[in-house]
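Just so we're on the same page: letters track the sequence lines, and every chain starts at 1.
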Amino acid sequence: MDTTARIIEKRDLTDITKLFVVHAPLVAHNAAPGHFVILRVVETGERIPISITDFNRAEGTITIVVQEVGRTSALVGAAQVGDTFLDFVGPLGVEVSLPEEGHAVLIGGGFGTGAVFPLAREMRSRGVRVSSIIGARTRDLVILADLLATESDEVHVCTDDGSLGHRGVVTGRLEELMDAGAGFTHCFAVGPMPMMRAVAETTRRRGLPTMVSLDPLMVDGTGMCGGCRVSVGGKSLFACMDGPFFDAHQVDFDDADARLTTYKEQENLACELAGVGR
Amino acid sequence: MPIVYPRKTAMPCLDPEERRQNWGEVAEGYTVERAVAEARRCLSCQDPVCEQGCPVGVPIRDFVRRVAMGDFDGAARAIRRRNLLPAICGRVCPVEHQCESRCILAPRQDPVGIGRLERFVADWERQHGNANGTAAPEVWRDQKIAIVGSGPAGLTVASDLAQLGYPVTIFEALHAFGGVLRYGIPQYRLPKEIVDENVEHLKALGVEFVRDVFIGKTITISQLMDEFGYSAVFVGTGAGSPVFMNIPGENLKGIYSANEFLTRVNLMRAYLFPEYDTPVRRPKRAVVIGAGDTAMDAVRCSIRLGAEEAHIVYRRSEKEKGARAEDFERARDEGVIFDWLTLPKRFLGDDHGWVRGVECIRTELGEPDASGRGRPVPVPNSEFTMETDLVVIALGTNPNPLVPRTTYGLEVDSHGRIIADPQTGATSCEGVYAGGDIVTGAATVILAMGAGRRAATAMHEYLQQRADHDAEQYLSTWGEGIAEASNPGLAAEWAR
């Protein structure tokens with residue numbers, strides 16, 4: 001059985017954010033919104049989880065977006081069309097439960113924008129109205145706005161410096177839209193932890209059901225190690241087997257934040273040795 | 001009367017001080033002289049009761065007698081008839097609860113060192129290049145077999161069915177094969193080269209190894225049978241899901257499940273960081289909770305990662321520990337401190353979210369509980385705090401729920417273990433068999449192999465019946481022209 005995962009398309013979304021279309025028919029076979037993959041690039045390398053940005057079962061492709069923030073992601077970013085990943089396993093995680101009707105707001109922060117796209121497409125096909133809000137520090141870091149626009153009824157871009165779209169953060173725009181009577185029934189947010197936490201606080205106040213996609217440290221991604229455990233509603237759950245999407249209003253963000261820094265020292269050392277800027 | 005030595009022939013080991021610093025194999029194995037001397041202690045009983053203690057029925061008396069005569073090749077052949085993984089079993093079997101516990105010498109003298117002799121024979125065979133000496137199957141069959149998980153159970157099923165001529169595919173979710181032999185058991189106890197050799201041996205038999213496929217996600221069992229053409233499936237996915245204590249502070253940084261800690265160290269080789277990219281915490285004062293084999297593995301790994309002090313904390317007493325005697329003794333020799341009758345109550349953290357201590361309470365043993373062991377009862381006002389910068393929770397595992405959850409009609413018990421016939425491994429789904437820890441809960445390598453052996457036999461019977469049935473049906477429908485409807489491709493070819 002062929003498990004080769006070959007890169008058939010690569011796009012530089014920003015200096016450090018790369019999009020890959022990977023031919024991996026077995027992984028695409030059962031892929032669904034909310035799933036992720038784990039990949040490895042070298043024999044001495046670590047296993048890193050990456051959200052699935054798009055999948056095409058007929059073509060047998062999986063699209064991923066990788067931001068170069070550490071040694072392994074830098075190695076991934078350097079891969080070229082025609083290269084194969086050493087390991088590419090998935091789809092992992094649970095398919096996110098999506099509504100059948102209503103008006104969903106999707107929020108993508110930074111490279112998390114890619115991960116909300118499959119949700120948009122699935123909800124639109126079900127007849128759900130989809131509004132998307134995407135945010136970045138500045139114009140050059142806004143990614144995938146065009147792609148998301150193909151499956152959204154409206155797209156709102158926010159930049160911290162106002163160089164594109166609305167000036168300010170995604171939660172500001174979210175509140176404006178809600179104040180203007182958007183009538184959102186569901187919210188899904190993927191992005192950096194501080195952004196997801198801010199979204200959770202905003203929607204909690206307003207009683208809007210919200211799911212966020214957590215990306216804790218992971219090793220196997222198959223429920224074996226428990227390293228990705230997160231505290232949700234006072235219970236310890238595994239992001240790889242119970243997530244990665246969780247009820248944002250139940251997530252203990254302090255706990256999740258702290259655990260992310262477990263290997264900060266080692267990560268810095270690895271980046272230094274590999275000459276990767278952080 | 002031959003002179004019988006009352007003690008087991010000693011096995012040379014690396015010096016404890018030395019092994020605290022390195023990951024080399026601790027037990028060096030018997031020399032030829034020592035092996036022969038040990039084998040000569042065997043009385044060759046008329047009724048070798050030791051063999052009843054072996055889950056795969058190794059002909060112990062026969063192979064030990066051959067070792068005593070210096071016929072190591074014959075000994076290897078004798079073992080191999082029943083045991084595919086002797087180099088592994090000779091290292092990790094809990095012999096004191098199995099074959100050796102039944103040795104006739106046992107009450108008054110040490111039992112014959114059956115485990116050590118098995119290892120000697122297997123290593124002799126490896127060094128003399130006979131380990132691949134399996135003949136090609138007599139017939140080639142066309143019913144495809146899928147095996148889920150490449151641990152001891154799966155490897156055994158693969159070997160047995162490949163030798164019967166079936167095309168066998170092993171699916172592994174991780175990037176390396178061997179299951180617990182790969183991610184769980186450390187290098188110093190089971191060199192990974194031995195696992196590699198066994199995998200290569202099976203590849204030479206024609207077994208297809210597929211990594212990075214997580215059955216239940218990438219492909220479900222139903223899809224394996226309906227879309228990918230597999231006639232039978234063996235599920236040997238192990239007891240993969242770690243048990244946590246559900247006490248306060250468990251999510252502090254520096255607290256690992258044994259599975260995570262050992263996977264980082266063994267599979268990902270975190271002890272070689274930064275040469276390898278996966279990190280692991282390097283402790284000064286490690287606390288490992290639990291007293292089974294996995295706990296011994298974790299605590300001894302923590303020493304090799306640099307812990308100056310390493311503790312085992314266990315709520316019962318030494319007598320109730322689950323670990324193999326040999327590994328317990330080696331842990332003690334390496335300086336592990338054992339805190340028996342001690343129950344952790346909560347974990348304490350520092351300002352940065354790192355674990356800095358474990359608050360414990362002393363216990364005493366009360367009336368036996370469901371396991372037959374004394375129930376640990378906390379002693380009032382005996383709380384105390386142990387300082388630590390690394391905690392490993394080694395309290396066992398639960399079955400991974402994925403395969404049962406994604407396989408329609410597959411029945412599980414209240415613990416989530418797959419219900420399988422103990423004699424055949426047959427599950428509630430036709431053509432789907434299961435064995436090893438996913439059925440029994442966390443147990444041993446050799447028990448998983450025993451289950452694999454029985455399942456392979458049953459699968460062969462099932463597949464033969466099906467082949468006969470299919471052939472009969474084909475013949476009976478031929479004359480009625482139904483073949484045309486049921487097989488339009490063949491009919492079209494016939495028409496040409």
Side-chain angles (χ1 to χ4, degrees), chain A residues 1-3 5 24 26-27 29-31 35 38-40 42-48 70-72 75 85-93 219-231 235-236 238 241 252 254-263 265-267 269-270 272-274, chain B residues 169 171 173-176 183 208 210-214 216-220 223 227-228 237-238 240-244 246 250-254 256-264 267-270 272-282 349 352-354 393 397-398 400-402 405-406:
Chain A
M1 194 169 286
D2 189 10
T3 54
L26 273 184
V27 180
H29 196 65
N30 289 335
H35 280 156
I38 279 190
L39 58 84
R40 212 166 63 108
V42 287
E43 205 47 66
T44 55
E46 53 185 343
R47 300 165 63 92
I48 60 165
R71 176 172 148 69
T72 304
L75 285 173
F85 288 110
L86 181 60
D87 297 282
F88 194 83
V89 56
L92 301 172
V219 185
D220 58 287
T222 64
M224 197 179 82
C225 84
C228 66
R229 62 191 185 274
V230 288
S231 179
K235 274 173 59 183
S236 214
F238 293 176
M241 291 295 280
D252 182 339
D254 287 336
D255 185 275
D257 252 344
R259 287 184 63 79
L260 270 182
T261 62
T262 302
Y263 300 106
E265 267 175 46
Q266 286 96 328
E267 284 161 10
L269 174 66
E272 212 174 282
L273 291 173
Chain B
T169 309
F171 294 96
L174 295 175
H175 60 262
Y183 71 76
E208 181 189 20
V210 178
R211 70 191 206 189
D212 297 330
V213 171
F214 189 22
K217 289 282 180 196
T218 313
I219 310 171
T220 64
Q223 287 172 335
E227 296 175 30
F228 291 83
T237 48
S241 190
V243 171
F244 286 95
N246 297 316
E250 201 159 29
N251 287 357
L252 288 165
K253 292 184 285 184
Y256 294 82
S257 74
N259 268 6
E260 180 183 2
F261 184 67
L262 292 172
T263 299
R264 284 181 180 271
L267 174 71
M268 306 309 295
R269 308 214 170 210
L272 296 174
F273 181 89
E275 186 193 333
Y276 278 69
D277 291 338
T278 304
V280 71
R281 184 145 175 87
R282 291 199 172 257
H352 302 286
W354 284 100
I393 299 168
T397 50
N398 286 322
N400 190 314
L402 184 64
R405 220 185 258 170
T406 57

Could you tell me which portion of [X] (side chain, backbone, both or neither) has an atom closer than 4.5 angstrom to a non-hydrogen atom of chain A?
X: B/Pro274; result: side chain
X: B/Asn400; result: side chain
X: B/Arg211; result: both
X: B/Ser241; result: both
X: B/Arg282; result: neither
X: B/Leu252; result: backbone
X: B/Phe244; result: side chain
X: B/Glu275; result: backbone

Check your understanding: Between B/Leu402 and B/Phe214, is a side-chain contact (heavy atoms from CB on, under 4.5 Å) present by the stated rule, with each step listed?
Key -> CA-CA 9 Å; B/Leu402 184 64; B/Phe214 189 22; 3.2 Å; yes

**Study point:** Intermediate values then yes/no, side-chain contact (heavy atoms from CB on, under 4.5 Å), B/His175 and B/Met268
**Key:** CA-CA 10 Å; B/His175 60 262; B/Met268 306 309 295; 3.5 Å; yes

Keeping [X] on the side-chain end and [Y] on the backbone end, is there a donor-acceptor pair under 3.5 Å?
X: A/Asn30; Y: B/Lys217; result: yes
X: B/Arg264; Y: B/Pro279; result: yes
X: A/Arg259; Y: A/Thr262; result: no

Practice item. For chain B, find which of A/Ser236, A/Ser231, A/Gly90 contributes the most heavy-atom pairs closer than 4.5 angstrom. Key: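 Highest number of heavy-atom pairs under 4.5 Å: A/Gly90.
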
Review point. If you count heavy-atom pairs under 4.5 Å between each of A/Val89, A/Asp87, A/Ile38 and chain B, which one has the most?
Key: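 It is A/Asp87.
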
Check your understanding: Judged by modelled atom types alone, do B/Thr169 and B/Glu208 share a side-chain donor-acceptor pair under 3.5 Å?
Key ->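 Short answer, yes.
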
Practice item. Mind ranking B/Ser257, B/Ala173, B/Pro242 by heavy-atom pairs under 4.5 Å with chain A and telling me who comes out on top? Key: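 Option with the top pair count is B/Pro242.
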
Check your understanding: So does B/Glu227 have more than 12 non-hydrogen atoms from other groups sitting under 6.0 Å from CD?
Key ->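 Yes, because the 6.0 Å sphere around CD of B/Glu227 holds more than 12 heavy atoms from other groups.
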
